[in-house]
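By convention in this document, chain letters (A, B, ...) are assigned in the order of the sequence lines, proteins followed by strands, and residues within each chain are numbered from 1.
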Amino acid sequence: MAPILYWMRRDLRLSDNPALTWVVQQGRPVIPVFCLDEVVETWGAAPKWRLGLGLDVLRGSLEDAGARLILRRGQALDVLRTLIEETGADTVVWNRLYVADERTRDTAVKEALRSDGLTARSFAGHVLFEPWTVETGSGGYYKVYTPFWKAVRDRDPGAPEPAPKEFAAPEVWPQSEALDDWDLGRAMSRGAAVVAPYARVGSAAAEGRLGHFMAHGVADYDSGRDKLAEDGTSGLSENLTLGEIGIRTCWAAGQRAMADGKPGAETFLKELVWRDFAHHLAYHTPHLTSENWRSEWDAFPWSDDNDLAEAWRRGRTGVEVVDAGMREMYVTGRMHNRARMLVASYLTKHLMTHWKVGADWFADCLIDWDPASNAMGWQWAAGSGPDASPFFRIFNPDTQAEKFDPRGTYRRRWLAEGQAKPKETADAFFEAIPESWGLTPGQGYPAPIVDLKEGRDRALAAYKQRDTGQ
DNA sequence: TCGCCCTTGAT
DNA sequence: TCAAGGGCG
């Protein structure tokens with residue numbers, strides 16, 4: 001019996017997995033393969049490093065079920081063709097993705113394999129509702145979130161499939177490259193050791209996280225998720241982006257919490273749908289990840305990369321809550337959602353720096369980096385995106401800190417300078433950063449690089465000018 | 001066509 | 001109180 005190649009990408013799990021479910025139903029040998037291909041090679045330091053951790057855990061899960069994970073490096077199509085030749089496979093399956101570079105790759109692969117006379121099948125496993133299945137009344141795609149939410153909230157994405165108990169093995173397993181040889185953490189330098197304790201890797205960890213959130217977090221999610229110093233969110237983004245947990249599994253849990261009358265459950269479901277919305281937009285407007293979504297913003301006088309942006313990246317803007325967020329990201333590979341909005345507003349408005357500079361840094365530092373959500377979020381904050389905040393909505397970091405970190409707990413957690421006994425977390429930043437930055441806690445905390453009022457006024461003036469087309 | 005509405009705000 | 005324009009039904 002000819003084996004089937006299961007090409008794994010952002011679906012590093014065995015349950016809630018339509019492609020895998022289909023393969024196992026065929027009763028034929030299955031060969032799971034992950035390819036370090038032309039798309040994955042472009043990922044930033046932290047996502048690549050985190051991918052390596054995920055692959056290691058996935059390999060163990062597959063081995064427990066009597067299968068293996070075959071790792072190969074190269075252009076996706078070349079790798080798949082080589083494996084087909086080595087194994088006699090006549091079918092390749094995968095779960096679909098929707099961001100421009102992923103789709104370009106996948107479309108080309110599908111066409112090429114089919115022209116080779118092979119079977120290539122893809123499945124819906126990465127989002128709740130695929131982008132082309134959600135239409136406005138006039139048959140277009142959605143550009144505003146709330147109508148999108150109303151269009152999908154009563155739809156059923158289907159029940160998640162259980163993990164297969166065992167796999168039919170091929171007579172001979174193809175060779176796998178060694179994960180260690182890929183050296184996926186090489187761009188992380190000292191950071192890897194610091195970030196590692198914060199990562200929750202693999203499907204079992206993800207399911208534990210979901211269970212914990214359903215038991216403790218969801219009821220108070222509405223207000224809890226806004227507090228900078230608290231752990232009020234599900235924390236699932238890290239696992240969702242690599243597919244270590246399925247989105248329908250999360251949806252089903254949210255629906256159960258709704259049925260149980262948990263107050264925050266609907267907000268949680270809405271957040272899951274925000275993730276879908278980002279993929280909806282990335283599919284229908286592929287330039288979301290690379291260009292201003294509204295082209296009229298091309299004329300806006302944003303600075304490209306600059307010294308102020310460098311201070312922002314290093315958590316040295318002199319604005320405590322902004323620096324705290326940036327350092328949280330450097331140490332943990334994640335950042336509180338509200339802090340993400342704050343630092344994005346600050347970079348694009350007070351520092352008038354292009355959102356792509358920020359999006360690129362996030363893509364390098366976040367272990368939960370998701371290409372669609374990251375681009376949508378940055379364009380939303382900058383004002384160039386769909387359903388964006390109006391230009392006059394400029395976050396005031398001081399006001400935000402007062403509201404969402406009233407006792408300064410979050411700021412003290414991440415800022416060491418000027419503190420008699422800095423928190424371990426704050427010191428950890430200085431262990432994680434490159435020595436080339438030349439930063440020590442002893443050099444004191446910087447004065448603000450831009451006066452908040454001046455920055456705000458300058459941005460408002462520029463937005464106004466853009467508006468009148470001058 | 002019209003009218004309501006629009007994640008997360010600031011002064 | 002401010003405040004823009006367009007999405008959507």
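- Shown here is A:Asp307, whose CG atom has no more than 12 heavy atoms of other residues, nucleotides or ligands within 6.0 Å.
- For A:Phe213 and A:Phe268, the ring centers are positioned less than 6.0 Å apart.
- The side chain of A:Asn396 lies closest to B:dA10, out of B:dA10, B:dT8, B:dC6.
- Between A:Tyr198 and A:Trp414, the ring planes lie tilted relative to each other; the angle falls in the 30° to 60° range.
- Annotation for A:Asp260: atom CG counts as buried by contact number, over 12 foreign heavy atoms lying within 6.0 Å.
- If you check B:dT8, C:dG7, B:dT11 against the side chain of A:Arg456, the one that comes closest is B:dT11.
- Stems are defined here as 3 or more consecutive Watson-Crick or G-U wobble pairs with pairing distances under 3.5 Å; those involving DNA chain C are B:2-6 with C:5-9.
- Ring-plane geometry between A:Tyr463 and A:Phe300 is classed as tilted, the angle between the planes lying from 30 to 60 degrees on a 0 to 90 degree scale.
- Remark: P of B:dT8 and NZ of A:Lys403 are 11 Å apart, rounded to the nearest angstrom.
- Across all strands shown, A:Arg294 has no heavy atoms under 4.0 Å from either base or sugar-phosphate atoms.
- To the nearest angstrom, P of C:dG9 lies 16 Å from CH2 of A:Trp149.
- Separating the CD atom of A:Gln400 from the P atom of B:dG9 is a distance of 6 Å, rounded to the nearest angstrom.
- Spacing between atom CZ of A:Phe148 and atom P of B:dC6 amounts to 17 Å, rounded to whole angstrom units.
- The backbone N or O of A:Ser15 lies less than 3.5 Å from a partner atom in the side chain of A:Arg13, making a donor-acceptor pair.
- Between A:Lys150 atom NZ and C:dC8 atom P the separation is 12 Å, expressed in whole Å.
- The aromatic rings of A:Phe277 and A:His280 sit parallel, their planes meeting at an angle under 30°, below the 60° perpendicular limit.
- Note: A:Tyr98 and A:His279 have perpendicular aromatic rings, judged against thresholds of 30 and 60 degrees for the angle between ring planes.
- Within the 4.0 angstrom heavy-atom criterion, no nucleotide atom of any strand lies near A:Glu135.
- Shown for residues 250-259 of chain A: no residue has heavy atoms falling under 4.0 angstrom of DNA chain B.
- With a 6.0 Å radius and a threshold of 12 heavy atoms from other residues, nucleotides or ligands, A:Gln443 has its CD atom above the threshold.
- In this structure, the ring of A:Phe362 has its center no less than 6.0 angstrom from the ring center of A:Trp369.
- OP1 or OP2 of C:dG5 has not a single side-chain nitrogen or oxygen of A:Tyr463 nearer than 4.0 Å.
- Distance NZ (A:Lys143) to P (C:dG9): 11 Å, rounded to an integer number of Å.
- Each of B:dA10, B:dT8, C:dC8 was ranked by its minimum atom distance to the side chain of A:Arg225; first place goes to B:dT8.
- Taking atom CZ on A:Phe277 and atom C1' on C:dC8, their separation rounds to 12 Å, with Å as the unit.
- No engagement by A:Phe404 is indicated, since no non-hydrogen atom pair under 4.0 Å with the nucleic acid exists.
- Here the nucleotide nearest the side chain of A:Thr136, chosen from B:dT8, B:dT11, C:dG9, is C:dG9.
- In this structure, A:Trp182 and A:Phe34 have tilted ring planes: the angle between them lies in the 30° to 60° band.
- If you take OH of A:Tyr142 and P of B:dC5, they are 17 Å apart, rounded to a whole angstrom.
- Between A:Arg393 and B:dT8 there is a side-chain polar atom (N or O) within less than 4.0 angstrom of OP1 or OP2.
- A heavy atom lying under 4.0 Å from DNA chain B marks the following residues of residues 333-351 of chain A, by number: A:Asn337, A:Arg338, A:Met341.
- Using the six-membered ring where Trp is involved, A:Phe395 and A:Trp380 have ring planes that are perpendicular, over 60° apart on the 30 and 60° scheme.
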